[in-house]
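Structure first, then comments.
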Amino acid sequence: MDNGQIARVIREVGEYIQVDEGLSFRARAYDRAAETIESLVEPLTDTYAKGGMTALMGIKGIGRGLGDALEEIITTGKSSLHEELKRALPIDLPALNSVQGLGPQKIRVLYKELKIKNLEDLERAATAGQIRVLTGFGEKSEEKILRGVEFLKRGAGRMLLGDVLPWGRNLEKELLKLKGVRKATLAGSARRRRETVGDLDMLVVADDASPVMDYFIAMPDVEEILANGPTKSAVRLKNGLQVDLRVVPAESYGAALNYFTGSRDHNIVLRQIAQDKGLKLNEYGLFHGDVAIAGFTEEGIYAALGLEFVPPELRENGGEVELARDSALPVLIGYSDLCGDLQVQTSWTDGVHSIDEMAEAAMAAGLDYMVVTDHTKRLAMMGGLDEKKIRLQMKEIDAVNERLMSAGKKFKVLKGSECDILKDGSLDLPDDVLCELDVVGVSIHSYFDLPRDEQTTRVIKAITNPHADIFFHPTARKINARPACDFDMEAVLDAAAKAGTVMEVDAFPDRLDLSAEYIRMCVKRGIKLAIDSDAHDRAHFSVLEYGIAQARRGWAQKEDIVNAWPVEKMLGMLKKSA
Ligand code: DGT
Ligand code: CA
Ligand code: CA
Ligand code: ZN
């Protein structure tokens, strides 16, 4: 088990305790321990292997009780306390917890007063008006709960790309190690880098399919075998993800890859083009009568159809085939094109690592600069910075830059802020501080559901503030957890274009905000974009890849992305408009 998995169990134990006994000392201790574990660099299993219980208890906030629980999880993969609590409280805590606005405290009340155990109970009680009368709830929160349930039902079953792509890539690697396996490639929506995927589709070319199938159905993560045939198998993993695997002959690999990458609508247009040429396209190849004229490679298929190769991220039938026919596809922003990161949190607020540590990690990720953008004072719970603290931080950044320079490093740390947008659209720091910053990001962390007109006015006021450079995670959505803020995007983009405000593509897998559709609107209007990690930990620079994928799905080119530019050019663009 990795630290993330261990932390999840510990956090859930804390939540069950909270439902059981309220926000007790014990409940808090588990919650804090989960947070600590998530931020550890060394795998806990290593810590334990090296130093046993003593090493576990040497970690901040881990006492005897938690140490015992951790030891049990590490050695057996389970926690008996967890199992016991689940038995004693027969509620679907993860599901209830994922409803926006519900946490363990409220779930406790709902369970005690109305015996609500799962989403169905919750929906029924909310529809019947039973929740509004409970203490701590009202008509508004009842409505919000209903909307939350509705939202979850819509996203049901789709997992975040960021949660499944690393697993899929690992499977590619493992399959390639098997004897006789020549190719293993992830197709489907994962290859198109959709924000969420319904299932994974793996394609394999092998001399002999049976060892591949044997390996596939016996993987340790498999919960259930859904199909097991000579060339096609499907499994469901313990985390609920379904994975399909097909073994195809080498001469069909390109055709199968094209077919199973989709999208369905893109494929339909390709097949039509083939027909118009008197050819036939399917997952086995491109045929003239019975003769295959392409099929080994995808490139070969597109070429034989008279088309430019279409990057998978564009294959959504959004006009890409027409442009491919004219050899006029955009040259998309590349996966190694970023030179900087314009949104990074540090341990000055809710980040885990220091400015120095984040700079080291950004350098290791191949970047030349990063902007430190800690939260501002309204986010008191996260230790948001006030005027005084942010001035201290600016001094610290000067010192970090001096250290970097004397060590002969070219890397630059810039001064910035993730400045909170207040309810009325004004900013959470005074003008004289904002003036001194290199990069001012503004973002919404409260009043997500203002009426549309009011939200639009609020946003436009904030992003046209002369100090605002970038609108961070503009819609503030969390995929599968919180809907996008409702405002008039057309009007906001018009305002951004006029003010020269940059729009962000927050790369965090559960944000991916802006969406591809909105990115494309920006590109069409000539509005510049920034692809940022929103890193809260030095490991998070790896998420930039998802932001780049999202920007590619929005048809963005290098010129559209300000942090694909050298630092002077990037700053020049921001300051010109300020
Ligand atoms: P997902 O899994 O819902 O995130 O989306 P996809 O695109 O991965 O869809 P999936 O897994 O059902 O099928 C993988 C690809 O296979 C899909 O993108 C296109 C192709 N495909 C599957 N069924 C059909 C079909 O009935 N017609 C056509 N033209 N293509 C299909
Ligand atoms: Ca799929
Ligand atoms: Ca599938
Ligand atoms: Zn934020």
Side-chain angles (χ1 to χ4, degrees), residues 155-161 163-165 168 185-203 226-227 232 234-236 240-246 248 255-275 280-284 310 312-317 342-345 349-351 371 373-376 378-379 381-382 384-385 416-421 428 440-446 448 462 470-480 482 485 504-508 510-511 513 530 532-536 540 553:
R158 296 192 67 83
M159 295 180 74
L160 295 181
L161 180 68
D163 286 342
V164 302
L165 187 61
T185 314
L186 212 47
S189 51
R191 183 161 179 249
R192 305 199 310 280
R193 301 290 189 264
R194 301 271 321 205
E195 300 163 351
T196 61
V197 304
D199 66 5
L200 290 184
D201 304 276
M202 183 64 74
L203 274 189
L226 304 171
K232 180 181 185 303
V235 296
R236 191 169 51 247
L241 178 68
Q242 186 183 322
V243 188
D244 296 346
L245 181 145
R246 294 175 183 81
V248 299
L257 182 58
N258 187 240
Y259 181 88
F260 291 110
T261 294
S263 66
R264 192 171 305 201
D265 291 341
H266 177 83
N267 292 353
I268 289 170
V269 183
L270 293 192
R271 273 206 302 276
Q272 189 58 51
I273 291 178
Q275 265 172 35
K280 190 168 166 245
L281 177 65
N282 56 32
E283 64 263 52
Y284 304 104
V310 181
E313 297 91 332
L314 292 187
R315 299 184 195 171
E316 301 292 346
N317 192 28
L342 308 187
Q343 194 195 156
V344 171
Q345 265 73 238
T349 56
D350 62 337
V371 187
T373 54
D374 278 301
H375 290 293
T376 53
R378 202 202 58 82
L379 294 177
M381 260 168 40
M382 300 178 183
L385 306 181
S417 169
E418 174 169 7
C419 191
D420 209 62
I421 299 176
D428 197 24
V440 176
V442 298
S443 58
I444 292 177
H445 297 102
S446 59
F448 299 110
I470 310 178
F471 189 15
F472 282 169
H473 51 70
T475 76
R477 70 158 174 182
K478 291 263 180 94
I479 298 173
N480 288 350
R482 182 171 68 213
C485 282
E504 186 188 62
V505 182
D506 188 309
F508 229 78
D510 68 341
R511 284 202 186 262
D513 185 8
D532 300 332
S533 68
D534 197 353
H536 284 64
H540 288 163
R553 297 201 320 110

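It should be emphasised that the depicted structure is a prediction, and the values quoted were computed from it without experimental measurement. Note that ligands are numbered from 1 as they come in the structure, with each ligand's atoms numbered from 1 the same way.
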Among Asp201, Leu200, Leu257, the one residue meeting side-chain contact (heavy atoms from CB on, under 4.5 Å) with Arg191: Leu257
Near [X], which atoms of ligand 1 are under 4.0 Å from a heavy atom of that residue?
{"X": "Arg192", "answer": "7 (O), 18 (O)"}
{"X": "Val197", "answer": "4 (O)"}
{"X": "Gly188", "answer": "8 (O)"}
{"X": "Arg271", "answer": "29 (N)"}
{"X": "Gly198", "answer": "1 (P), 2 (O), 3 (O), 4 (O)"}
{"X": "Thr261", "answer": "18 (O)"}

Qualifying residue, where the test is side chain to side chain donor-acceptor pair (under 3.5 Å) with His445 and the options are Thr376, Asp420, Asp428: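 Answer after filtering Thr376, Asp420, Asp428: Asp420.
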Shortest non-hydrogen contact from [X] toward [Y]:
{"X": "Thr349", "Y": "Gly384", "result": "CG2-CA, 4.0 Å"}
{"X": "His540", "Y": "Ser533", "result": "O-CB, 3.9 Å"}
{"X": "Phe448", "Y": "Cys485", "result": "O-SG, 3.5 Å"}
{"X": "Gly168", "Y": "Leu186", "result": "CA-CD2, 3.9 Å"}

Between Arg193 (side chain) and Arg553 (backbone), is there a donor-acceptor pair under 3.5 Å?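 The answer is no, because no donor-acceptor pair under 3.5 Å joins these two groups.
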Test of proximity, Thr196 against ligand 1: N or O pairs below 3.5 Å: no
Does ligand 1 have a heavy atom under 4.0 Å from the side chain of Asp199, from its backbone, from both, or from neither?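 The part of Asp199 near ligand 1 is both the backbone and the side chain.
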Relative to ligand 1, is Arg194 under 4.0 angstrom through side chain, backbone, both or neither, heavy atoms considered?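 The answer is neither.
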Tell me yes or no: between the side chains of Gln343 and His473, is some donor less than 3.5 Å from an acceptor?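 Not at all, the side chains of Gln343 and His473 share no donor-acceptor pair under 3.5 Å.
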Between the Ca ion (ligand 2) and Asp201, which N, O or S atom of the residue is the nearest one?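 Looking at Asp201, the N, O or S atom with the least distance to the Ca ion (ligand 2) is OD2.
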Closest Asp199 atom to the Ca ion (ligand 2) [N, O or S only]: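 Relative to the Ca ion (ligand 2), the closest nitrogen, oxygen or sulfur of Asp199 carries the name OD1.
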Test side-chain contact (heavy atoms from CB on, under 4.5 Å) applied to Asn267 and Tyr259, step by step: CA-CA 7 Å; Asn267 292 353; Tyr259 181 88; 4.3 Å; yes
Answer yes when Arg194 and Glu316 have at least one side-chain N-carboxylate O distance shorter than 4.0 Å, and no when they do not. yes
Salt bridge present between Arg477 and Glu195 (N-O < 4.0 angstrom):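 Yes, Arg477 and Glu195 are salt-bridged.
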No waters, cut-off 2.8 Å: how many protein N, O or S atoms are close to the Zn ion (ligand 4)? 3
